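One structure is given below, encoded as structure tokens.
These numbers come from a predicted model, not from an experiment.
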Amino acid sequence: MGADTMGELDMSGLGTNGPAEADESEFTGLAERHRRELHVHCYRMLGSFEDAEDTVQETFLRAWRRRETFQGRSTLRAWLYRIATNACLDLLAKRRPEPATGGEARWLQPYPDWLLDELPAGDADEPEATAVARETIELAYLVAVQHLAPRPRAVLILREVLGWPAKDVAELLGDSVNSVNSALQRARAGMREHLPAQRQDWTGGDQDATMRELVHRYTEASMATDVKALASMLRDDVRFSMPPTPGLYVGRDAVVNFLTESGFEGMTGLRAVATSVNRQPALAFYLWRQSENAYLPLTIDVLRITDGTITEITTFHDNQFPRLALPPRLPADGTE
């Protein structure tokens, strides 16, 4: 999945100077072919779906304004990645003075799987690349990335996710190859500190029967607000967070105490719709509202499952329902 080997474009239709001679509609048509993968790249860098959207728009604007700088030494795709990465670094320089802390990334937002399905298909003979693409979009990876300083973060993603050579990353960042290699080592050390210990055992395949059964049990226990049943599915060191609400709860007892103190056990009228985000199983919960005679959006639980137990729950608020193409309401019978 190298920077200049996938998604190469024939620039011959744009005149002898490529983008420099293209009209805006021609240029936009070529650039748009890369919108989804650029968006995912920016999302990895920023952790925010909305910030990624804004940054891709900025990328296309910068690319159009600087089209005469495209020299044809790389593909249009690689050139756009360079612009997008710099746009992300510019945003990070002014957006938040402090990185994620305490295992939290409060600006974290989910990424719907149906949009991830728009990414260019990888080589079926490269299972390692497929695994990297999957693991590096999961929420635990994204949170760990947010703990890195911006430049090491960019180096890590460009080198290990996109497969860029060190010399190309150095050129993009205006650094030496030695500096890039040093930044990569620092980034790897930071990721080891914040990633789950058993990365190879992350969510598993979509067809994993054990996972499906656990998700079904979690759904039933949640709709019944059965805290005891939920506790039986959690690993001892389970982690729970609800971005952007502050707070990270670590350990089964801490999560159970939170559920108890929040009044979860007393809730009635819950329904659930199964979905998937960030290549992880997720459940959208709806709460009965008598005034609306319908079930309305409440929260979305995204699960990380390891060895048949739930090791992380990330809960998002109802404002994420539209982005995930979830129903705005469920009728009284609970069906969609």
Full working for side-chain contact (heavy atoms from CB on, under 4.5 Å) between Leu76 and Leu80: CA-CA 6 Å; Leu76 178 66; Leu80 290 171; 4.0 Å; yes
Candidate pair Glu37 and Tyr81, rule side-chain contact (heavy atoms from CB on, under 4.5 Å), full reasoning: CA-CA 9 Å; Glu37 59 179 313; Tyr81 265 99; 2.9 Å; yes
Please assess Tyr141 against Met191 for the test side-chain contact (heavy atoms from CB on, under 4.5 Å), listing each intermediate value before the final yes or no. CA-CA 8 Å; Tyr141 180 91; Met191 294 297 282; 3.4 Å; yes
Worked check of side-chain contact (heavy atoms from CB on, under 4.5 Å) between Val273 and Tyr295: CA-CA 11 Å; Val273 172; Tyr295 295 88; over 6 Å; no
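Linking Ile, Leu, Val, Met, Phe, Trp and Tyr whenever their side-chain heavy atoms come within less than 4.5 Å leaves Val177 and Trp164 in two separate clusters. Hydrophobic clustering keeps Leu296 apart from Phe321 (ILVMFWY residues linked when any side-chain heavy atoms are closer than 4.5 Å, directly or through intermediates). Leu91 and Leu61 are assigned to two separate hydrophobic clusters, defined by single-linkage of ILVMFWY side chains at heavy-atom distances under 4.5 Å.
Note that CD1 of Ile83 is 12.0 Å distant from SG of Cys88, once rounded to the nearest 0.5 Å. With rounding to the nearest 0.5 angstrom, the CG atom of Leu108 is 7.5 Å from the OG atom of Ser241. Note that OG1 of Thr55 is 10.0 Å distant from NE2 of His41, once rounded to the nearest 0.5 Å. One finds the OG1 atom of Thr59 at 10.5 Å from the CG atom of Asp54 (value rounded to the nearest 0.5 Å). Separating the CH2 atom in Trp288 from the OG1 atom in Thr268 is a distance of 11.0 Å, to the nearest 0.5 Å. Put simply, CG on Leu92 and CE on Met45 are 5.5 Å apart, with the number rounded to the nearest 0.5 Å.
Of all the heavy atoms in Gly190 and Leu148, the pair that sits closest is CA-CD2, 4.0 Å. The shortest non-hydrogen separation linking Leu270 to Ser222 is CD1-O, 3.5 Å. His317 and Pro243 get closest at one heavy-atom pair: CD2-O, 3.7 Å. Looking at every heavy atom in both residues, Ala221 comes nearest to Leu230 through CB-CD2, 3.7 Å. Of all heavy-atom pairs between Asn278 and Asp113, the closest is N-OD1, 3.0 Å. Pro281 and Met211 make their closest contact through CG-SD, 4.1 Å (heavy atoms, listed as atom of the first residue, atom of the second, distance).
Counting only residues at least two apart or in different chains, salt bridge (charged side-chain N to carboxylate O under 4.0 Å, His left out) contacts with residues 240-260 comprise Asp236-Arg252. Residue pairs meeting the salt bridge (charged side-chain N to carboxylate O under 4.0 Å, His left out) criterion with at least one member in residues 293-302: none, sequence neighbours excluded.
Put simply, the side chain of Arg67 gets close to the backbone of Trp64: a donor and an acceptor are under 3.5 Å apart. Using a distance-only test at 3.5 Å, with no hydrogens or angles considered, a donor-acceptor pair links the side chain of Tyr286 to the main chain of Pro327. Remark: the backbone N or O of Met233 is not paired with any side-chain donor or acceptor of Arg217 at under 3.5 angstrom. When atom types are taken as modelled, the side chain of Arg239 and the backbone of Leu248 share no donor-acceptor pair closer than 3.5 angstrom. Gln320 places no side-chain N or O within 3.5 Å of a backbone atom of Ile300 that could act as its donor or acceptor partner. Between the side chain of Thr219 and the main chain of Val215, a donor-acceptor pair closer than 3.5 Å is present.
Here the side chains of Leu298 and Met267 are in contact, with some heavy-atom distance below 4.5 Å. Residues Arg153 and Gln146 meet the side-chain proximity criterion, which asks for heavy atoms closer than 4.5 Å. Contact annotation: the side chain of Leu89 approaches that of Leu173 to within less than 4.5 Å [non-hydrogen atoms, C-beta and beyond]. Contact check for Arg44 versus Val161: side-chain heavy atoms found under the 4.5 Å cut-off. Counting only heavy atoms from C-beta outward, the side chains of Asp175 and Arg151 approach each other to under 4.5 Å. Put simply, the side chain of Ile313 does not reach to within 4.5 Å of the side chain of Val302, judged on heavy atoms. Taking 4.5 Å as the limit, some side-chain heavy atom of Arg82 sits within range of a side-chain heavy atom of Asp168. With contacts defined as side-chain heavy-atom distances shorter than 4.5 Å, the pair Val155/Arg186 does not qualify.
A donor atom on one side chain and an acceptor atom on the other are found under 3.5 Å apart for Gln109 and Ser48. Side chains of His216 and Glu213: no donor on one and acceptor on the other come within 3.5 Å. In the model, Tyr111 has a side-chain atom that pairs as donor or acceptor with a side-chain atom of His39 under 3.5 Å.
In this structure, Asp117 pairs ionically with Arg279, as a charged nitrogen and a carboxylate oxygen lie closer than 4.0 Å. Using a cut-off of 4.0 Å between Lys/Arg side-chain N and Asp/Glu carboxylate O, Asp237 and Arg235 are scored as salt-bridged. A salt bridge links Arg35 to Glu32: one of the charged nitrogens lies within less than 4.0 Å of a carboxylate oxygen. Taking the charged nitrogens against the carboxylate oxygens, Lys167 and Glu171 have no contact shorter than 4.0 Å, which rules out a salt bridge. Under 4.0 Å is where a charged nitrogen must lie from a carboxylate oxygen, and between Glu138 and Arg304 no such pair does.
Using bins of under 30°, 30° to 60° and over 60° for the plane-to-plane angle, the ring pair Phe70/Trp79 lands in the perpendicular bin. A tilted orientation is assigned to the rings of Phe258 and Phe240, their planes being inclined by 30° to 60°.
A side chain to side chain contact (heavy atoms under 4.5 Å, CB included) with Leu234 is found for one member of Thr309, Thr311, Ile310 and no other, namely Ile310.
In terms of the ring pair (Phe, Tyr, Trp, His ring centres under 6.0 Å) criterion, Phe316 has no residue partners (sequence neighbours excluded).
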